[in-house]
S.K.: 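Sharing a structure below in structure tokens format, with a few things to ask.
Because only heavy atoms are used, hydrogens play no part in the values below, and waters and symmetry mates are left out as well, while side chains stay in. Every value quoted in this text rests on a predicted model; they were computed, and no experiment measured them.
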Amino acid sequence: MLEIYNSLTKKTQPFRPLDENNVRIYVCGMTVYDYCHIGHARVLVVFDVVYRYLTHVFGADHVTYIRNITDIDDKIIARANERGVNITDLTNEFIDAMNVDAEALGVISPNEEPRATAHMQQIIDMIQALVDKEFAYQAENGDVYYAVSKFETYGQLSGRQLDDLRAGARVEVDEAKRDPLDFVLWKSAKPDEPHWDSPWGKGRPGWHIECSAMSTHCLGNHFDIHGGGMDLKFPHHENEIAQSCGATGEAFANVWMHNGFVQIDNEKMAKSLGNFFTIREVLEQYDPEVLRYFILSSHYRGPLNYSNVHLDNAKNALTTLYTAIRGINIDESVSSKPAMQSEFSTRFFAAMDNDFATSEAQAILFELAHEINKLKSSQPDVAMNYAIELKSLAKLLGLLQRDAEEFLQAGQSGELSADEIEQKIVQRNQARADKDFSLSDNIRDELLEQGIVLEDGSDGTTWRRE
RNA sequence: GGCUGGGUGGCAGAGUGGCUAUGCACCGGAUUGCAAAUCCGUGUACCUCGGUUCGACUCCGGGCCCAGCCUCCA
């Protein structure tokens with residue numbers, strides 16, 4: 001049975017959805033004012049695997065996955081001003097870019113990707129409900145704030161006490177707030193800022209209320225899983241709980257999942273440290289599937305240390321996997337049937353059931369590949385069945401779905417086209433047939449300099465890019 | 001200062017109260033014209049100090065160290 005670590009209870013617990021026919025998950029997505037970086041890639045990929053696995057467990061039509069888009073906030077306004085473009089053009093540009101990156105990484109689109117600006121009515125309604133219930137107040141400067149002290153369990157998710165928070169608060173006291181910990185729900189508009197009409201005057205929503213309003217709107221007041229990056233736990237998710245529970249009077253998300261950070265040299269990746277990589281920068285050097293494999297090679301809650309060495313390692317590992325299924329002609333009529341369920345599948349599912357232990361699941365993929373290599377020539381039928389099983393398990397991780405040949409020969413190292421390489425191979429094999437090994441070795445060395453590795457198999461020579 | 005996580009072999013990274021993780025790298029052998037790939041095999045671990053236990057890397061306590069959060073952040 002699937003067990004998930006719940007940040008709220010700090011325990012790994014059996015996952016029991018409210019409705020098995022509609023498992024509902026909401027993940028905090030991106031604020032779209034720049035290209036996505038590797039940290040974003042991690043959220044994208046991690047929750048993509050969560051979604052794939054939930055679908056596997058509960059059925060394809062029994063999971064609803066929502067990932068929002070924050071398309072209005074201070075940074076977006078600042079960036080648009082900087083560039084002299086309007087906000088919609090800016091956010092559309094980066095939403096498109098995000099979709100390109102996500103697709104490259106093999107991320108399945110969520111069922112819905114709600115945008116904040118398209119849910120202004122729901123946001124205003126929720127703020128109104130909070131004001132009506134006296135969880136919120138309008139301050140003299142026109143802003144509407146959430147009164148943190150009114151919500152009894154505030155701090156539960158992040159394990160903080162109000163007094164500790166006040167003691168540690170570095171923010172200067174905002175005169176308009178009754179309590180320095182109160183946070184903004186509605187900001188009154190400054191001149192030349194985008195704004196919407198509301199009962200509290202022209203303005204725009206605070207960041208936290210957007211997610212409360214959109215998740216509730218898309219999934220109902222009470223749903224199963226809420227996810228996001230570790231850093232969102234406080235204050236963002238803490239505030240969401242206060243808002244949603246305050247407004248609806250019901251429970252909010254049952255399970256909270258938080259993925260760990262991407263680090264570089266054991267430090268958080270951050271623009272201010274200059275150790276920052278966008279997805280597209282990485283993909284100039286590495287195949288997207290390599291990045292995906294790398295992300296899944298450590299547990300989602302732990303830190304992920306990024307470096308080229310690690311990506312090289314991931315590339316070699318993936319090459320091993322693809323090499324195992326290379327040359328096996330998977331009979332479509334067989335592969336359309338459900339894959340064989342060997343002991344490998346059982347162990348793979350057990351790993352995934354254990355809070356999505358993807359690195360352990362990957363290890364089983366290698367054992368399967370090993371099995372295939374052993375049986376390839378002696379029992380091709382059995383090997384093919386294992387290959388089908390391997391691909392079907394890997395699919396849950398979004399890996400190994402391409403043609404092996406295509407993966408192994410992808411890339412643009414060297415100047416040679418596939419046709420030219422094939423010609424060289426023909427020449428070399430003629431030389432080998434003539435026992436002219438110095439010529440054949442020269443050709444092979446020449447290709448190797450271009451990053452092309454030749455492999456002489458029992459049924460001919462194959463090549464790949466290293 | 002408060003709150004979270006974590007310290008495993010050359011590197012990365014799982015896991016378990018006594019039994020092989022896995023990948024990459026390395027070494028020996030098979031195979032190959034030679035390689036590559038593959039197969040067979042070897043080796044290198046569990047921060048520190050106490051405690052519990054027949055037995056702990058695995059449980060408990062102290063210490064040291066690292067990262068994250070406490071402000072926008074995936």
S.K.: Students often get this wrong, so: under 4.0 angstrom with heavy atoms, is Y5(A) touching a base, only sugar-phosphate, or nothing?
M.R.: sugar-phosphate

S.K.: Could you tell me which residues satisfy ring pair (Phe, Tyr, Trp, His ring centres under 6.0 Å) with F348(A), sequence neighbours excluded, listed by chain and number?
M.R.: none

S.K.: In whole Å, what separates the P atom of G62(B) from that of U20(B)?
M.R.: 33 Å

S.K.: Check every strand shown and say whether Q362(A) touches a base, only sugar-phosphate, or nothing at a heavy-atom separation below 4.0 Å.
M.R.: nothing

S.K.: Are S158(A) and C70(B) close enough that a side-chain N or O sits under 4.0 Å from OP1 or OP2?
M.R.: no

S.K.: Could you tell me if R67(A) sits above the aromatic ring of F47(A), with its cationic atom closer than 6.0 Å to the ring centre and no more than 45 degrees from the axis?
M.R.: no

S.K.: Nearest whole angstrom, please: distance from the P of A14(B) to the CG of L296(A).
M.R.: 12 Å

S.K.: Once you apply a heavy-atom cut-off of 4.0 Å, does V262(A) come out as touching a base, just sugar-phosphate, or nothing?
M.R.: base

S.K.: With P as the reference atom in both, quote the distance from A56(B) to G18(B) in angstrom, rounded to an integer.
M.R.: 11 Å

S.K.: Could you work out the separation of C3(B) and G10(B) based on their P atoms and round it to a whole Å?
M.R.: 36 Å

S.K.: Find every protein N or O atom lying less than 3.5 Å from an N or O atom of nucleotides 24-26 of chain B, and list the pairs.
M.R.:
| from | atom 1 | to | atom 2 | distance (Å) |
| --- | --- | --- | --- | --- |
| C24(B) | OP1 | T320(A) | OG1 | 2.6 |
| C24(B) | O4' | N313(A) | OD1 | 3.1 |

S.K.: Which whole number of Å gives the distance between the P atom of U31(B) and that of A35(B)?
M.R.: 12 Å

S.K.: So for K233(A) and C69(B), does any side-chain atom that can act as donor or acceptor lie under 3.5 Å from a complementary atom in the base?
M.R.: no

S.K.: With heavy atoms under 4.0 Å as the rule, sort G302(A) into base, sugar-phosphate or nothing.
M.R.: nothing

S.K.: C1' atom, C54(B) versus A21(B): distance in rounded Å?
M.R.: 27 Å

S.K.: Is there a Watson-Crick or G-U wobble partner for A35(B) with both distances under 3.5 Å, and if so, which one is it?
M.R.: none

S.K.: With a non-hydrogen cut-off below 4.0 angstrom, is R301(A) in contact with a base, only sugar-phosphate, or nothing?
M.R.: nothing

S.K.: Which residue pairs pass the ring-ring contact (aromatic ring centres under 6.0 Å, His included) test with at least one member in residues 90-113 of chain A, sequence neighbours excluded?
M.R.: Y35(A)-F94(A)

S.K.: Only pairs with both distances under 3.5 Å count, Watson-Crick or wobble alike; so what is the partner of C59(B) in this structure?
M.R.: G51(B)

S.K.: Quick check on RNA chain B: between G39(A) and S298(A), whose nearest nucleotide comes earlier from the 5' end?
M.R.: S298(A)

S.K.: Between P303(A) and T323(A), which residue's closest nucleotide on RNA chain B lies nearer the 5′ terminus?
M.R.: P303(A)

S.K.: Output all residues satisfying ring pair (Phe, Tyr, Trp, His ring centres under 6.0 Å) with H258(A), sequence neighbours left out; order by chain, then residue number.
M.R.: H237(A)

S.K.: If you measure from the C1' atom in U44(B) to the same atom in A12(B), how many Å do you get, rounded?
M.R.: 15 Å

S.K.: Counting the atoms with a prime plus P, OP1 and OP2 as sugar-phosphate, which does H37(A) contact under 4.0 Å by heavy atoms, base, sugar-phosphate, or nothing?
M.R.: base

S.K.: Return the pairing partner of G68(B) with a 3.5 Å limit on both distances, Watson-Crick or G-U wobble; otherwise return none.
M.R.: C3(B)

S.K.: Just jot down the side-chain contact (heavy atoms from CB on, under 4.5 Å) partners of N308(A), sequence neighbours excluded, or say none.
M.R.: Q285(A), Y286(A), Y306(A)

S.K.: Using the C1' atom as the point on both nucleotides, what is the distance between C39(B) and A45(B), in whole Å?
M.R.: 27 Å

S.K.: Any donor-acceptor pair under 3.5 Å between the side chain of D441(A) and the base of G33(B)?
M.R.: yes

S.K.: To check you understand the geometry: which heavy-atom pair defines the closest contact between G39(A) and M269(A), and what is its length?
M.R.: N-CE, 3.6 Å

S.K.: Tell me whether the side-chain N/O atoms of H299(A) come closer than 4.0 Å to OP1 or OP2 in U22(B).
M.R.: no

S.K.: Checking all strands, does R67(A) fall into the base, sugar-phosphate, or nothing category for heavy-atom contacts under 4.0 angstrom?
M.R.: nothing

S.K.: Would you indicate what L232(A) reaches in the nucleic acid, counting non-hydrogen atoms under 4.0 angstrom: base, sugar-phosphate, or nothing?
M.R.: sugar-phosphate

S.K.: May I ask you to evaluate whether Y300(A) reaches the phosphate of A74(B), defined as a side-chain N or O under 4.0 Å from OP1 or OP2?
M.R.: no

S.K.: From C-beta outward on H310(A), which listed nucleotide comes closest to its side chain: A36(B), G5(B), A12(B)?
M.R.: A12(B)

S.K.: For a quick test of reading the model, state the closest non-hydrogen atom pair linking Q409(A) to W463(A) and the distance between them.
M.R.: NE2-O, 3.0 Å

S.K.: Looking at every strand, decide which applies to K268(A) at a 4.0 Å heavy-atom threshold: base, sugar-phosphate, or nothing.
M.R.: base

S.K.: Give every residue pair that meets the ring-ring contact (aromatic ring centres under 6.0 Å, His included) criterion with at least one member in residues 311-330 of chain A, sequence neighbours excluded.
M.R.: Y322(A)-F407(A)

S.K.: Should the pair R292(A)-E289(A) be classified as a salt bridge under the 4.0 Å nitrogen-to-oxygen rule?
M.R.: no

S.K.: Please tell me whether Y26(A) and Y65(A) form a close aromatic pair, meaning their ring centres lie under 6.0 Å apart.
M.R.: no

S.K.: By nearest atom, which of the nucleotides A37(B), A14(B), A74(B) is closest to the E455(A) side chain?
M.R.: A37(B)

S.K.: Contact class for D456(A) (heavy atom, under 4.0 Å): base, sugar-phosphate, or nothing?
M.R.: base

S.K.: With the side chain of H40(A) defined as its heavy atoms from C-beta on, choose the nearest nucleotide among U4(B), A74(B), C39(B).
M.R.: A74(B)

S.K.: Pick the C1' atom in C47(B) and in C64(B), then give their distance to the nearest Å.
M.R.: 8 Å

S.K.: Sort out the partner of C19(B) for me: Watson-Crick or G-U wobble, both distances under 3.5 Å, none otherwise.
M.R.: none

S.K.: Ignoring hydrogens and angles, are the base of A74(B) and the side chain of R42(A) linked by a donor-acceptor pair under 3.5 Å?
M.R.: no

S.K.: So if I take every side-chain heavy atom of K10(A) and compare against A36(B), G5(B), U38(B), which nucleotide ends up nearest?
M.R.: G5(B)

